[in-house]
Engineer: 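Structure in structure tokens, see below.
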There are 4 protein chains.
Amino acid sequence: MPRGRTKGDHEAKRAEIAEAACQVILRLGIAQTSLSEISREMGYTTGILRHYFADKEELLLYAKNLFFDRSFERARAAAIRHDGIEKLRAMAISLLPTDTESVDRYRLLATFNGHAIGNSRLMKLQQKRNVRHWHVFEEVITALIESGDLPAQLNPRLEACGILAMIDGLADQVIMEPGAWSTNELVPLLSRYIESLRKPASLAPQMGRTAKQRSA
Amino acid sequence: MPRGRTKGDHEAKRAEIAEAACQVILRLGIAQTSLSEISREMGYTTGILRHYFADKEELLLYAKNLFFDRSFERARAAAIRHDGIEKLRAMAISLLPTDTESVDRYRLLATFNGHAIGNSRLMKLQQKRNVRHWHVFEEVITALIESGDLPAQLNPRLEACGILAMIDGLADQVIMEPGAWSTNELVPLLSRYIESLRKPASLAPQMGRTAKQRSA
Amino acid sequence: MPRGRTKGDHEAKRAEIAEAACQVILRLGIAQTSLSEISREMGYTTGILRHYFADKEELLLYAKNLFFDRSFERARAAAIRHDGIEKLRAMAISLLPTDTESVDRYRLLATFNGHAIGNSRLMKLQQKRNVRHWHVFEEVITALIESGDLPAQLNPRLEACGILAMIDGLADQVIMEPGAWSTNELVPLLSRYIESLRKPASLAPQMGRTAKQRSA
Amino acid sequence: MPRGRTKGDHEAKRAEIAEAACQVILRLGIAQTSLSEISREMGYTTGILRHYFADKEELLLYAKNLFFDRSFERARAAAIRHDGIEKLRAMAISLLPTDTESVDRYRLLATFNGHAIGNSRLMKLQQKRNVRHWHVFEEVITALIESGDLPAQLNPRLEACGILAMIDGLADQVIMEPGAWSTNELVPLLSRYIESLRKPASLAPQMGRTAKQRSA
DNA sequence: TATGAATGAGTCTTCATTCAT
DNA sequence: AATGAATGAAGACTCATTCAT
């Protein structure tokens, strides 16, 4: 082999760099995340980054995708062992921030989301990830409706959005006060939400914000 | 001396600057928000900022507080005209992102939250705001339990967290795809969630992520 | 006047900076002309350049224009005191590099021309300057033809190009060996060239590079 | 050992690299010409250059010489088939930029000349090339004077400079607007210039720039 | 109060060069 | 001979901050 180095290393190194970048972000915040700090995190010098990424933006983008695009695979994997509405519940719960690693993942998500505000290019990329995410849920919900496990009047797209909202919202709370919420509290909360999809009667005729119908 | 309004003007100018800062953040993203851009937004030059804020950090902090500390007052105000569980619903709905202004408020929130990751000082400040926020809900929920409108076994603190999670989570979704979700969809979703608090039977005995108990 | 500084300074400072840039280019070459060297040349620090120029390219462009766009005004001024073919001669001679200052001007010209190769944007700008330059000559030649001072069969555009070529070519030679050519040598050479425009008989029937007509 | 050609290959590779360097310079400009771009132009990677050149400067110098040192051989070759003043004309015309290749040669010349400004070492090298260049013309002119084809009062050194100036000056114009000047225009112009050497009467008594003598 | 000139540190980016393979 | 990983220095550019007016 006349190659000075092997080719496989390249992608692995990109991942290593991305990992380092995430560590720095979590430690110092994205505003203080400099390339020199990232390379120092790895024990290298700045110049090396150029071998693997065209510029800082590409590096951050890669880092973002590397970690988040995997999360919905996790959800799919969690679903596979369950049936009926349990499938939905298993998926949702698998996405909850339950340990340091998953909390950090949500901290990174919050970072990248915040970073995308005001940057339409980044925002579009975040959108895409998000859409892919709730497609996973949408599919399962649609199947559950067809199988009769969930009421027919549910809008799968909206319900997928709702579940994701609940999960992300809880994650936001956990991020903010890591010690304040235990898995034992969050799981039942999320379970009850999913359970509530089965009796969506009250969803019927509600309009806008003045909503006075129920007082009748 | 007729300059009695001097101090008031001073505070008014601080608010004006903070407003400009938020506009710039929404337009360019916080990473691209420079002091010169903020002053240009107002039609002034950089030097003026020094008269009103010690440094950039103070300015951003002030901007953040100015807009977010008001949001839960809005919720309180919305609650006042309602009774029973309707009070809770009205508060929640009043916080939903329904127009450009409120969407922008959540975009700013996402920005500041992301910006606080990795910066413990900022994070603590965000926490405080958040705590104050769900205290408002906690109080109302506690009152509703006492009045019998909500089941006694509910944990007010946790339920407040849940409602806020739902609202913030929905806001996150709206931020990402502003046109995708209408108020007519979000309000019933949120209403159903609040409705589900009334029958928390299923909340009882759920553990961890394996959760197979209910299939018995 | 509530102004911190006067406005007139601004343009003057730009010229001062441009002047410094040219000095550095002449001393170190354009490849070694860094912004820090330019600011050091002026006794300032690097940051100041940003007040007056968006980036390095704009600075260099401004420097180029500042010095070269004036040169053909010099030619026009030189022409004004003369008539007939003497006008042409006076213009041409006024453009010759005769002292340190004018030699430096041609050294800068060579630098900027070389710098524009491979950069179509810069090249277009150089073109424009050049075109304006020989328009000055073209006009005078056209007038001299009409007045009968020069033969009617001359192509003013081509002859303008020829005179400029002669001048620039001589300047190139002078640049390369500053001491080798005296004004006393160059002026007669250029004069004879201009003189030769009066008897353009031989210009008639010459084609391409094989040119065998004279052997007849 | 059948590697008798090793050294020849080495030199051939140097030329190949130099050729690539020139292509990159013409495409991107010398300021943007990086070693990695040069090696990429050849389909190699950066490391290879080290085997053939000590550093970048040596490479560029080699590239410069490779192409320009050949040009006056071209002139000599063109001269050989002609006699009398035709010899001079043939030489001059052979140096005119008439096709893409020769235009590119002058573009490179302008680049290297510009690059040498402010760098005395490079400037001296350019000088040497230039001197060799007009020595070729000087010799021919001297011979033509001796043979009576040109007037005795001509200064061969100065006239060589003049012819080169005319050629280089025209080349400068062609470089700037490649499509603007045809060979059919340039050749007669240059021919007339050379023709004018035969009647150098007017060269006699001209001084400085005030030159009013001829109006007597 | 407001300006804008000037600073200077920090960051990204480029790139020639080295070297193990 | 050729690769490409890694270095490290240098340069452009950004920007918060200071300050004389």
Side-chain angles (χ1 to χ4, degrees), chain A residues 1-7 9-10 13 31-39 42-59, chain B residues 3 6 9-10 13 31-39 42-60, chain C residues 1-7 9-10 13 31-39 42-59, chain D residues 3 6 9-10 13 31-39 42-60:
Chain A
M1 267 176 293
R3 284 254 188 67
R5 303 288 157 85
T6 65
K7 180 67 185 309
D9 289 346
H10 195 265
K13 190 66 112 183
Q32 303 300 323
T33 296
S34 66
L35 294 184
S36 73
E37 196 62 41
I38 294 172
S39 42
M42 294 189 297
Y44 289 110
T45 55
T46 323
I48 194 167
L49 300 179
R50 194 47 161 75
H51 276 287
Y52 299 98
F53 298 99
D55 54 20
K56 190 183 187 183
E57 193 182 351
E58 188 190 315
L59 194 169
Chain B
R3 325 166 93 234
T6 301
D9 285 355
H10 193 263
K13 194 65 121 183
Q32 305 300 322
T33 295
S34 66
L35 293 186
S36 75
E37 194 64 39
I38 293 171
S39 43
M42 294 189 297
Y44 289 109
T45 55
T46 327
I48 196 178
L49 300 178
R50 192 62 166 76
H51 292 288
Y52 299 96
F53 295 99
D55 55 21
K56 188 183 188 183
E57 195 180 350
E58 188 190 317
L59 194 171
L60 289 183
Chain C
M1 267 175 292
R3 284 252 188 69
R5 303 289 156 85
T6 65
K7 180 67 185 307
D9 288 348
H10 196 265
K13 192 64 113 184
Q32 303 300 322
T33 296
S34 66
L35 294 184
S36 74
E37 195 62 41
I38 293 172
S39 42
M42 294 188 298
Y44 289 111
T45 56
T46 322
I48 193 169
L49 300 179
R50 192 48 161 73
H51 277 287
Y52 299 97
F53 298 99
D55 54 19
K56 191 184 186 182
E57 194 182 350
E58 188 190 314
L59 192 169
Chain D
R3 326 167 92 234
T6 302
D9 286 355
H10 192 262
K13 193 66 122 186
Q32 305 300 323
T33 295
S34 66
L35 292 186
S36 76
E37 195 63 40
I38 293 171
S39 43
M42 295 189 295
Y44 290 110
T45 54
T46 326
I48 196 178
L49 300 177
R50 192 62 166 76
H51 293 287
Y52 299 97
F53 296 100
D55 57 19
K56 190 185 188 183
E57 196 181 350
E58 188 191 318
L59 193 170
L60 289 183

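Each chain gets a letter, A, B and so on, in the order the sequences are listed, and its residues count up from 1. Since the structure is predicted, the reported quantities are computational estimates derived from the model, not experimental observations.
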Engineer: How does DNA chain E look in dot-bracket notation if pairs are Watson-Crick or G-U with both distances under 3.5 Å, crossing ones as [ ], other-strand ones as |?
Structural biologist: .||||||||||||||||||||
Engineer: Just how far, in rounded Å, is P of E/dC12 from CD of A/Glu58?
Structural biologist: 15 Å
Engineer: Take atom CG of C/Asp9 and atom C1' of E/dT3, then tell me their distance rounded to the nearest Å.
Structural biologist: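 In whole Å, E/dT3 C1' lies 13 Å from C/Asp9 CG.
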Engineer: What is the separation between atom CG on D/Asp55 and atom C1' on E/dT18, rounded to the nearest whole Å?
Structural biologist: 13 Å
Engineer: Specify the separation, in whole Å, of atom CG of D/Leu35 and atom C1' of F/dG4.
Structural biologist: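 Rounding to the nearest Å, CG of D/Leu35 and C1' of F/dG4 are 15 Å apart.
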Engineer: Could you state the interatomic distance from OG1 (C/Thr33) to CG (C/Leu59), rounded to the nearest 0.5 Å?
Structural biologist: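 So the OG1 of C/Thr33 and the CG of C/Leu59 are separated by 10.5 Å.
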Engineer: When you check the phosphate oxygens OP1 and OP2 of F/dA6, does a side-chain N or O of A/Lys13 lie under 4.0 Å from one of them?
Structural biologist: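 Yes.
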Engineer: Starting at the 5' end of DNA chain E and moving along, which residue's nearest nucleotide shows up first, A/Lys56 or D/Lys56?
Structural biologist: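 Looking at DNA chain E, the more 5' nearest nucleotide goes with A/Lys56.
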Engineer: Please list, by residue number, the residues of residues 43-53 of chain A whose heavy atoms come closer than 4.0 Å to an atom of DNA chain E; answer none if no residue qualifies.
Structural biologist: A/Thr46, A/Arg50
Engineer: If I take atom CD in residue A/Glu37 and atom P in nucleotide E/dT11, what distance separates them, rounded to the nearest angstrom?
Structural biologist: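 Interatomic distance, CD of A/Glu37 to P of E/dT11: 9 Å.
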Engineer: Tell me every residue that passes side-chain contact (heavy atoms from CB on, under 4.5 Å) with C/Glu58, counting only those two or more places apart in sequence or in another chain.
Structural biologist: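 Partners of C/Glu58 under the side-chain contact (heavy atoms from CB on, under 4.5 Å) test: C/Arg14, C/Phe53, C/Ala54, C/Asp55.
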Engineer: What are the two closest heavy atoms between A/Leu35 and A/Lys56, and how far apart are they?
Structural biologist: CD2-CG, 3.7 Å
Engineer: Can you sort out the partners of C/Ser34 under side-chain contact (heavy atoms from CB on, under 4.5 Å), two or more places apart, ordered by chain and number?
Structural biologist: C/Ser36, C/Glu37
Engineer: A/Thr33 near the nucleic acid: base, sugar-phosphate alone, or nothing, with a heavy-atom cut-off under 4.0 Å?
Structural biologist: sugar-phosphate
Engineer: How would you list, by chain and number, every residue that makes a side chain to side chain donor-acceptor pair (under 3.5 Å) with C/Glu57, sequence neighbours excluded?
Structural biologist: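 If we apply the side chain to side chain donor-acceptor pair (under 3.5 Å) test to C/Glu57, skipping adjacent residues, the hits are C/Arg121.
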Engineer: For the pair made of CD1 in D/Ile38 and C1' in F/dA2, what is the distance, rounded to whole Å?
Structural biologist: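 Atom CD1 in D/Ile38 sits about 17 Å away from atom C1' in F/dA2.
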Engineer: Given atom CD of B/Gln32 and atom P of F/dA16, what is their separation to the nearest angstrom?
Structural biologist: 11 Å
Engineer: Using the side-chain hydrogen bond (donor to acceptor under 3.5 Å, both in side chains) rule, collect all pairs that involve residues 42-51 of chain D, keeping only residues at least two apart or in two chains.
Structural biologist: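 For residues 42-51 of chain D, and leaving out neighbouring residues, the side-chain hydrogen bond (donor to acceptor under 3.5 Å, both in side chains) pairs sorted by first residue read D/Lys13-D/Tyr44.
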Engineer: Could you tell me the separation between the OG atom of D/Ser39 and the CG atom of D/Leu49, rounded to the nearest 0.5 Å?
Structural biologist: 5.0 Å
